[in-house]
**Student:** 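Sharing a structure with you now.
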Amino acid sequence: MASRVTSDSPNSDASGSASQDHEKEDSKNFECNICLDTARDAVVSMCGHLFCWPCLHQWLETRPTRQVCPVCKAGISKDKVIPLYGRGSTDQQDPREKLPPRPPGQRAEPENTGPFPGFGFGDGGFQMSFGIGAFPFTFFASTFNFGNDGRPAPPQAGSPQHADEQFLSQVFLFMAVFFIIWLMLA
Amino acid sequence: MASMEKRLQKELQALLRDPPLGVTVDSDKTSRSLSEWTVDLEGAPGTLYQGEKFQLAFKFGPRYPFESPQVIFTGSNIPVHPHVYSNGHICLSILTDDWSPALSVQSVCLSIVSMLSSCKEKKRPPDNSIYVKTCSKNPKNTKWWYHDDTV
């Protein structure tokens, strides 16, 4: 507890050359916002704030019911941080030190920029859909897709696209329910 | 424990090297033990506390920075402010519920200076006398009720 403070004098780094200052500035940009050291097992939150994974994990454990970013108080969770892999930094570490394990990175498939997908018979697939019942009560409609129809795979859970698509599907569901209720009442 | 000392060491060096206006770490008292700091504050110019000098006592637990430090006004001059009790306890949300490990001694000091600066009328909290009689020594044991964002 009674450790001595090695207080360097305020002018000690005034003699440092410009390049040293620059280097110092650079490494400051990669300091963990919790331990103030260069981030180790670095992760970055969706709001863009950098932490050591052990530091952030400890903070998330401290208040499990209210997990917020220490810097900006945005909502944050274990699934919503991205690990940073610098060149050559991953295999230098003893994996035993990596407790708690850092969450894995998410890999989304690259966007398909081919011709407009989902239409046409020619391009590598056959699509057919049929339904029973009168519009709009096509509850038993189903769609068959054979082969690779050129549509990109759905985005991975947790990615922003996934969140967008979830939102959109909820909007459409809401519109459908609203329409049916409106039909019933009208 | 080691991480707490390392971080306090870094904070202290940064504060000694580049102190914000009106904030001075008493390095003699502080260097004896890193877990207790004394910081001198000066009332900001152009405010009700202009020219006044105050002293803050910081106490850091072993779980710092994941847990907030205990911060009270000490010394002979306790500011007369609606959120500062006459025993030095401060009603400030970042010292308990809204603490974050990204905060630091420097940001706490600046928040307190800013809290003083926005004061319009020097007066004690309405419940000062009863609180001072009944409170625990550690303000972190008080269940604070944060209701006033204006001062």
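Naming convention: chains lettered A, B, ... in sequence-line order (proteins, then strands); numbering from 1 in each chain.
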**Student:** Would you say B:Tyr146 and B:Leu92 are hydrophobically clustered, going by side-chain heavy atoms of ILVMFWY under 4.5 Å?
**Tutor:**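 Looking at the clustering, B:Leu92 is in a separate group from B:Tyr146.
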
**Student:** Between B:Asp18 and chain A, with a heavy-atom cut-off of 4.5 Å, which part of the residue counts as in contact: side chain, backbone, both or neither?
**Tutor:**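 It is neither, since no heavy atom gets under 4.5 Å.
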
**Student:** Less than 4.5 Å apart, any side-chain heavy atom of A:Ile34 and any of B:Pro65?
**Tutor:**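 The answer is yes; the side chains approach within 4.5 Å.
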
**Student:** Using a 6.0 Å cut-off, check whether atom CG of A:Leu168 has over 12 heavy atoms from anything other than its own residue.
**Tutor:**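 Correct, the count exceeds 12.
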
**Student:** Take atom NZ in B:Lys140; do more than 12 heavy atoms of anything else shown fall under 6.0 Å from it?
**Tutor:**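 Above 12, so yes.
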
**Student:** Check whether any side-chain heavy atom of A:Cys35 lies under 4.5 Å from a side-chain heavy atom of B:Ser3, and answer yes or no.
**Tutor:**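 Not touching, per the 4.5 Å side-chain cut-off.
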
**Student:** Is the number of heavy atoms from other residues, nucleotides or ligands within 6.0 Å of NZ (B:Lys123) greater than 12?
**Tutor:**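 12 or below, so no.
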
**Student:** Closest heavy-atom contact between B:Ala102 and A:Pro70?
**Tutor:**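 Scanning both residues, the minimum pair turns out to be CB-O, 3.4 Å.
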
**Student:** Looking only at heavy atoms, which two atoms of B:Thr96 and A:Arg63 are closest? And how far apart?
**Tutor:**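 Result for this residue pair: O-NH2, 3.3 Å.
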
**Student:** What are the two closest heavy atoms between B:Phe66 and A:Trp59, and how far apart are they?
**Tutor:**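 Answer, listing the atom of B:Phe66 first, then A:Trp59: CE2-N, 3.6 Å.
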
**Student:** If you take all heavy atoms of B:Glu11 and A:Leu36, which pair is closest and at what distance?
**Tutor:**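 Heavy atoms only, the tightest pair is CG-CD1, 3.9 Å.
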
**Student:** Would you call B:Asp98-A:Arg66 a salt bridge at under 4.0 Å N-O?
**Tutor:**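 Yes, this pair counts.
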
**Student:** Got more than 12 heavy atoms from elsewhere within 6.0 Å of NZ, B:Lys122?
**Tutor:**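 Yes, the 6.0 Å shell around NZ holds more than 12 heavy atoms from other groups.
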
**Student:** Are B:Leu95 and B:Val23 co-members of a hydrophobic cluster defined by side-chain heavy atoms under 4.5 Å apart?
**Tutor:**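 B:Val23 clusters together with B:Leu95.
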
